[in-house]
Asker: 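Questions regarding the structure given below will be posed in turn.
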Amino acid sequence: MPGTFIDTFTDSPTKFREALVELKLLTAEQVENLRVQSINSGQTVEHLAQEMGLLSEEDAVKAWGKVMGLPYVDLRGVSVKREILQTVPERVAKNYAVISFEKVGKRYQIAMADPRDVQALEALEFVTKKSGLLVDLHITSHASIKTAVEQYGSLSGEVNEVLKESEKDVAIEDVDEDVDSAKKLEKIVSDAPIAKAIGAVLKYAVKTNASDIHIEPTENEIKVRYRLDGVLQNTLNLPRKALPALVSRIKILSNLKIDESRVPQDGRFSSKLQNREIDFRVSTFPTVHGEKVVMRLLDKAAGLKSLEDIGVSGRGFDKMVVGLEKPYGMTLVTGPTGSGKSTTLYASLSRLNDVGVNIVTLEDPVEYSLDGVNQSQINPQIGYSFASGLRSILRQDPDIVMVGEIRDQETADMAVNAALTGHIVLSTLHTNDAAGALPRMVDMGVEPFLLASSINTLVAQRLTRRICEYCKKPMSLNKNEKETIEEIISQMPKEVRAKLKPLKEYSFVKGAGCDRCGGSGYKGRIGIFEVLPMSDGVKEVLLANGSGDNIADKAIEEGMVTMQMDGVLKVLAGQTTLEEVMLRTKE
């Protein structure tokens with residue numbers, strides 16, 4: 001907006017009420033009732049509507065934007081580039097609720113929470129004249145301003161600032177990577193700036209909902225990468241000389257040996273960040289350029305999801321529930337590391353959790369807290385393994401047992417025996433598909449006839465990225481994509497195909513890429529599943545020493561929806577893309 005900002009906007013209650021109706025935020029009848037109540041109470045229509053739950057803050061801001069002729073912008077969850085943010089000084093942004101959030105051509109896009117605030121307009125005019133900025137003004141909510149203001153302390157700026165502060169007090173480049181100077185290193189890692197640097201890395205990981213943090217030394221620098229929605233993204237580059245201090249600080253937090261850098265070490269620690277209690281699983285690994293650190297983030301207080309929430313649907317949902325509700329037997333969830341198996345186990349436990357049953361779990365580690373469930377964490381260092389723990393659990397009079405993972409014959413034998421003796425058993429296994437779990441258990445030494453009698457359901461899963469709801473847009477399939485989808489649909493069970501419309505009647509979408517999804521077009525993840533019940537036909541193939549492929553063929557013949565089929569169904573529902581499904585399910 002060129003020229004002066006002052007005296008540009010009017011404050012018209014009448015126009016505000018008209019805008020509410022025009023934008024279909026409220027009906028004309030609602031607005032009239034509110035106007036009458038406003039006269040009687042002396043409160044504004046806006047205040048009354050929000051107090052009664054008829055109008056949100058964001059909707060009220062949209063209406064004022066229409067009155068003032070200003071475009072509305074929602075900055076909640078939007079990542080603003082540091083150089084753009086700093087065109088408005090942090091002090092001005094905080095004091096006057098003014099933020100710079102984007103640059104279009106040569107013009108900066110500025111958002112204000114209250115464009116009627118004369119002092120804020122004067123402050124903005126001073127800033128723009130002083131720096132010669134060309135700006136376009138927008139209106140936004142106080143919630144958006146708060147989110148954006150928090151970004152002034154961005155990760156790279158914050159970490160590099162504290163590292164520079166550390167260098168003033170301690171010459172970190174003088175410390176040998178082999179930790180010869182223990183006293184000097186101890187001083188560094190206990191130094192406040194180093195602690196702040198690690199704190200900033202952890203805080204931003206939690207803020208962005210990262211599942212893992214990778215601190216990777218290279219020849220010339222340290223790369224910090226976050227895994228977001230299953231994909232590693234480069235977040236920060238740090239000076240190479242800071243590696244010994246950063247790694248040693250993490251080791252101290254994790255109760256690891258700081259003077260041992262030649263062998264891998266594993267540890268864990270907890271911290272309260274963003275008002276959330278987060279557990280960090282830490283793994284160090286020696287490389288030619290120094291020790292690499294990977295930290296897995298586990299939020300124990302995260303809201304537990306139901307089977308429907310994580311993506312189990314249709315025939316797979318029905319078969320899985322039938323298996324869980326049997327009075328005894330085992331449900332095995334399979335898939336590679338990071339495919340969401342633990343989340344599926346917790347969703348299953350949530351469904352089974354009842355005051356009348358005794359549920360005991362054995363986990364590595366305990367990832368979520370479940371009310372009414374007795375959760376135990378293994379500790380191999382003292383001989384408390386899945387096998388020894390399971391032996392103890394069975395003396396605790398359990399109705400339902402969850403074993404985090406079956407890794408060896410002893411654990412497999414005990415889990416099968418527990419399932420045969422009246423217990424519901426839930427566990428995981430590392431195999432590529434549901435059918436492959438049976439030969440894997442046989443390889444461990446479990447007799448096929450015992451598996452046939454003890455297993456109720458086998459589940460395999462992968463996680464695919466969800467299309468970003470904020471930037472999704474219509475797309476057209478090319479010839480190859482249409483042929484791929486049609487081929488997969490043709491392989492689906494008849495009852496599933498019968499419920500589908502012709503392909504031409506579906507509208508397909510993809511994410512265009514926006515600030516909320518980091519330009520990826522995806523935000524969040526959803527599971528794709530195949531659920532294989534232990535039917536009489538599958539038992540026959542298993543007892544005849546059939547391979548995983550033979551078992552899978554029999555299950556598909558009996559109506560099993562494979563992960564690839566389930567993925568295509570989610571593509572048709574607009575939840576993910578064919579590219580994602582094929583990437584996660586390729587052989």
Side-chain angles (χ1 to χ4, degrees), residues 312 314-336 339 341 344 348 403 405-409 411-421 424-462 487-497 528-569 585-587:
V312 186
R315 180 187 185 277
F317 176 83
D318 295 338
K319 296 296 182 182
M320 190 168 177
V321 169
V322 167
L324 288 171
E325 292 181 348
K326 288 185 177 181
Y328 63 89
M330 187 188 304
T331 296
L332 268 179
V333 182
T334 73
S339 60
K341 299 187 297 298
T344 301
S348 302
V403 181
E405 184 184 341
I406 294 176
R407 298 175 178 170
D408 52 54
Q409 182 177 356
T411 307
D413 284 337
M414 294 187 68
V416 166
N417 287 330
L420 288 171
T421 53
I424 295 173
V425 179
L426 308 178
S427 192
T428 71
L429 200 64
H430 282 82
T431 59
N432 290 327
D433 57 15
L438 295 174
R440 176 78 180 96
M441 293 284 277
V442 172
D443 288 342
M444 283 186 181
V446 182
E447 293 292 340
F449 73 90
L450 292 175
L451 294 175
S453 303
S454 62
I455 291 180
N456 293 336
T457 316
L458 300 161
V459 181
Q461 66 180 86
R462 298 290 188 276
E487 182 183 354
I488 294 172
I489 289 175
S490 70
Q491 298 167 4
M492 292 181 183
K494 288 181 181 179
E495 61 269 25
V496 175
R497 293 202 308 270
I528 54 175
F529 299 84
E530 63 184 32
V531 180
L532 193 163
M534 183 63 78
S535 65
D536 290 339
V538 171
K539 288 180 182 178
E540 287 179 11
V541 177
L542 171 63
L543 295 173
N545 295 320
S547 66
D549 288 341
N550 296 145
I551 293 168
D553 290 342
K554 185 63 179 179
I556 292 170
E557 180 187 320
E558 294 181 347
M560 182 180 77
V561 174
T562 66
M563 282 184 287
Q564 199 169 75
M565 294 175 192
D566 190 44
V568 166
L569 292 174
T585 60
K586 64 184 178 182
E587 294 296 330

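Since the structure is predicted, the reported quantities are computational estimates derived from the model, not experimental observations.
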Asker: Without swapping roles, check the side chain of Lys341 against the backbone of Leu332 for a donor-acceptor pair under 3.5 Å.
Answerer: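 Looks like no, no N/O pair under 3.5 Å.
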
Asker: For the pair Glu530 (side chain) and Ala434 (backbone), establish whether a donor and an acceptor sit closer than 3.5 Å, ignoring hydrogens and angles.
Answerer: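 Between the backbone of Ala434 and the side chain of Glu530 there is a qualifying donor-acceptor contact (under 3.5 Å).
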
Asker: Can you measure from CD (Glu447) to CE (Met441) and round to the nearest 0.5 angstrom?
Answerer: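 CE of Met441 is found 12.0 Å from CD of Glu447.
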
Asker: Mind checking the CZ-CG spacing from Arg462 to Asp433? Nearest 0.5 Å is all I need.
Answerer: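 It comes to 8.0 Å.
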
Asker: Counting only heavy atoms not in Asn432 (residues, nucleotides, ligands), do more than 12 fall under 6.0 Å from its CG?
Answerer: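 Counting neighbours around CG of Asn432, 12 or fewer heavy atoms of other residues, nucleotides or ligands fall under 6.0 Å, so no.
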
Asker: If only atom types and distance count, is the side chain of Ser453 paired as donor or acceptor with the main-chain N or O of Leu450 below 3.5 Å?
Answerer: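 Not at all, since once roles are kept as given, no pair shorter than 3.5 Å links the two residues.
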
Asker: Where the side chain of Asn456 meets the backbone of Tyr328, is there a donor-acceptor pair that is under 3.5 Å apart?
Answerer: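 Between the backbone of Tyr328 and the side chain of Asn456 there is a qualifying donor-acceptor contact (under 3.5 Å).
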
Asker: Let's go through Met560 and Lys319 carefully: what are the C-alpha distance in whole Å and the side-chain angles of both, what is the deciding distance for side chain to side chain contact (heavy atoms under 4.5 Å, CB included) to 0.1 Å, and is it a yes or a no?
Answerer: CA-CA 10 Å; Met560 182 180 77; Lys319 296 296 182 182; over 6 Å; no

Asker: Could you work out, with side-chain contact (heavy atoms from CB on, under 4.5 Å) as the rule, every residue matching Asp318, not counting sequence neighbours?
Answerer: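 Asp318 satisfies side-chain contact (heavy atoms from CB on, under 4.5 Å) with no other residue.
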
Asker: Working to the nearest 0.5 angstrom, can you tell me the gap between Ile556 CD1 and Leu532 CG?
Answerer: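 Reported to 0.5 Å precision, the distance equals 9.0 Å.
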
Asker: About how many Å separate CZ of Arg440 and CD1 of Ile406, when rounded to the nearest 0.5 Å?
Answerer: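 So the CD1 of Ile406 and the CZ of Arg440 are separated by 10.0 Å.
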
Asker: CG/Leu420 to CD1/Ile455 distance, rounded to the nearest 0.5 angstrom?
Answerer: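 With rounding to 0.5 Å, CG (Leu420) is 10.0 Å from CD1 (Ile455).
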
Asker: For the residue pair Val496 and Leu569, establish whether any side-chain heavy-atom pair is separated by less than 4.5 Å.
Answerer: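 A side-chain contact under 4.5 Å exists here.
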
Asker: To the nearest 0.5 Å, how far apart are CE in Met492 and CZ in Arg315?
Answerer: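 If we round to the nearest 0.5 Å, Met492:CE and Arg315:CZ are 13.0 Å apart.
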
Asker: Please name the pair of heavy atoms, one in Ala419 and one in Ser454, separated by the smallest distance, quoted to 0.1 Å.
Answerer: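 Taking Ala419 first and Ser454 second, the nearest heavy atoms are CB-O, 3.8 Å.
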
Asker: Sorted by first residue and then second, give each salt bridge (Lys or Arg N to Asp or Glu O under 4.0 Å) pair with at least one member in residues 550-565; sequence neighbours left out.
Answerer: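 Those involving residues 550-565 are Lys554-Glu557.
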
Asker: Quick check: does any side chain N or O of Ser427 sit under 3.5 Å from a backbone N or O of Val403, one acting as donor and the other as acceptor?
Answerer: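 Yes, Ser427 side chain to Val403 backbone: donor-acceptor pair under 3.5 Å.
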
Asker: Would you say the side chain of Leu458 lies within less than 4.5 Å of the side chain of Val538, judging by non-hydrogen atoms?
Answerer: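 They are not in contact (no side-chain heavy atoms under 4.5 Å apart), so the answer is no.
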
Asker: What I'd like to find out is whether the side chain of Leu324 reaches to under 4.5 Å of the side chain of Thr457, using heavy atoms alone.
Answerer: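 A side-chain contact under 4.5 Å is absent here.
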
Asker: Does the Thr428 side chain pair with the main chain of Thr334, one donor and one acceptor, at a distance under 3.5 Å?
Answerer: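 No, because the side chain of Thr428 does not come within donor-acceptor range (under 3.5 Å) of the backbone of Thr334.
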
